[in-house]
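Counting from 1, the numbers follow the sequence of the chain as shown. None of the values given here were measured: they were computed from a predicted structure.
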Amino acid sequence: MSTVTFVEHDGTVHDVDLVEGESLMEIATSNGVPGIDGDCGGESACGTCHVIVDADWIGVTGTRSDEESQMVEMSPECVPNSRLACQVRAQAKLDGILVHLPEYQM
């Protein structure tokens, strides 16, 4: 089975099944990963699913859209590898992806 690893700000690791076609936000919320709320349901209308994609994976996930950038850049913890988890769709090439959770969500 393919996996995604979410790492909380305190270092707590959550390895969960990667379900192709679902967003990383949907995967996190359906597996009870703390710190991913997804308040807007995946519409890029909030920043409650902010993740920081590990540098080794940013080339695979791609870059933010302008709409996504507007949301995630409101976070004081925004870095170049910041993404909204609702905008990253799981696919086979993401097997083993590592994402970090900021200390605070918006």
Side-chain angles (χ1 to χ4, degrees):
M1 182 57 97
S2 299
T3 61
V4 57
T5 300
F6 294 93
V7 181
E8 291 183 58
H9 181 74
D10 68 2
T12 303
V13 174
H14 302 271
D15 291 317
V16 297
D17 291 341
L18 185 84
V19 180
E20 286 196 52
E22 288 190 2
S23 70
L24 293 185
M25 184 267 307
E26 291 169 315
I27 292 168
T29 57
S30 65
N31 285 281
V33 175
I36 300 287
D37 297 327
D39 289 344
C40 73
E43 300 296 321
S44 280
C46 72
T48 62
C49 68
H50 176 202
V51 295
I52 301 163
V53 177
D54 190 78
D56 292 340
W57 288 95
I58 199 66
V60 181
T61 63
T63 56
R64 302 186 295 248
S65 68
D66 289 340
E67 181 180 83
E68 183 181 356
S69 287
Q70 288 176 4
M71 271 302 131
V72 80
E73 287 173 0
M74 289 193 292
S75 170
E77 295 182 79
C78 181
V79 296
N81 291 356
S82 288
R83 295 291 311 269
L84 294 178
C86 67
Q87 298 303 300
V88 180
R89 287 271 161 214
Q91 48 192 301
K93 68 182 182 178
L94 294 181
D95 180 20
I97 189 170
L98 175 64
V99 295
H100 302 272
L101 305 178
E103 185 171 6
Y104 304 104
Q105 291 288 359
M106 295 190 307

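A side-chain N or O of His14 and one of Glu8 form a donor-acceptor pair less than 3.5 Å apart. Side chain to side chain, Asp15 and Thr3 fail the donor-acceptor criterion of an N or O pair below 3.5 Å. Judged purely by distance below 3.5 Å, without hydrogens or angles, the side chains of Gln87 and Ser23 never pair a donor atom with an acceptor atom.
At a threshold of 4.5 Å between side-chain heavy atoms, the hydrophobic network of Ile, Leu, Val, Met, Phe, Trp and Tyr places Val72 and Leu24 in two separate groups. Residue Val13 is grouped with residue Val16 when hydrophobic side chains (ILVMFWY) are merged at heavy-atom distances under 4.5 angstrom, including chains of intermediate members. Val79 and Ile58 fall into different hydrophobic clusters, where Ile, Leu, Val, Met, Phe, Trp and Tyr residues are linked whenever their side-chain heavy atoms come under 4.5 Å apart, directly or through other members. Tracing side-chain contacts under 4.5 Å through hydrophobic residues (I, L, V, M, F, W, Y), one never reaches Leu84 starting from Met25; they form parts of separate clusters.
Atoms CD1 and CD, on Ile27 and Glu20 in that order, are 9.5 Å from each other to the nearest 0.5 Å. Note that SG of Cys78 is 11.5 Å distant from CZ of Arg83, once rounded to the nearest 0.5 Å. In this structure, CD on Gln91 lies 11.0 Å from OG on Ser2, to the nearest 0.5 angstrom. Atom CG of Leu101 sits about 7.0 Å away from atom CZ of Phe6, to the nearest 0.5 Å. Note that CE of Met71 is 8.0 Å distant from SG of Cys40, once rounded to the nearest 0.5 Å. For the atom pair CD (Glu68) and CD (Glu73), the distance works out to 10.0 Å, reported to the nearest 0.5 Å.
Remark: side-chain polar atoms of Thr48 are paired, donor with acceptor, to backbone N or O of Asp39 under 3.5 angstrom. At least one donor-acceptor pair closer than 3.5 Å links the side chain of Asp54 to the backbone N or O of Asp56. Checking side-chain atoms of Arg64 against main-chain N and O of Ser82 turns up a donor-acceptor pair under 3.5 Å. Listed for the Glu77 side chain is a donor-acceptor partner under 3.5 Å among the backbone atoms of Tyr104.
A pairwise comparison of heavy atoms in Asp95 and Met1 identifies OD1-O, 4.5 Å as the closest pair. A pairwise comparison of heavy atoms in Glu26 and Glu22 identifies OE1-CA, 3.3 Å as the closest pair. Counting all heavy atoms, side chain and backbone alike, Leu94 lies closest to Arg89 at CD1-O, 3.3 Å. Listed here is the closest heavy atom pair of Cys86 and Gly42: CB-CA, 3.5 Å.
At a threshold of 4.5 Å between non-hydrogen side-chain atoms, the residues Thr61 and Ile97 count as touching. Contact of the Gln105 side chain with the Ile36 side chain is registered, since non-hydrogen atoms from C-beta on lie closer than 4.5 Å. Using a 4.5 Å cut-off on side-chain heavy atoms (C-beta onward), Val7 and Thr12 make no contact.
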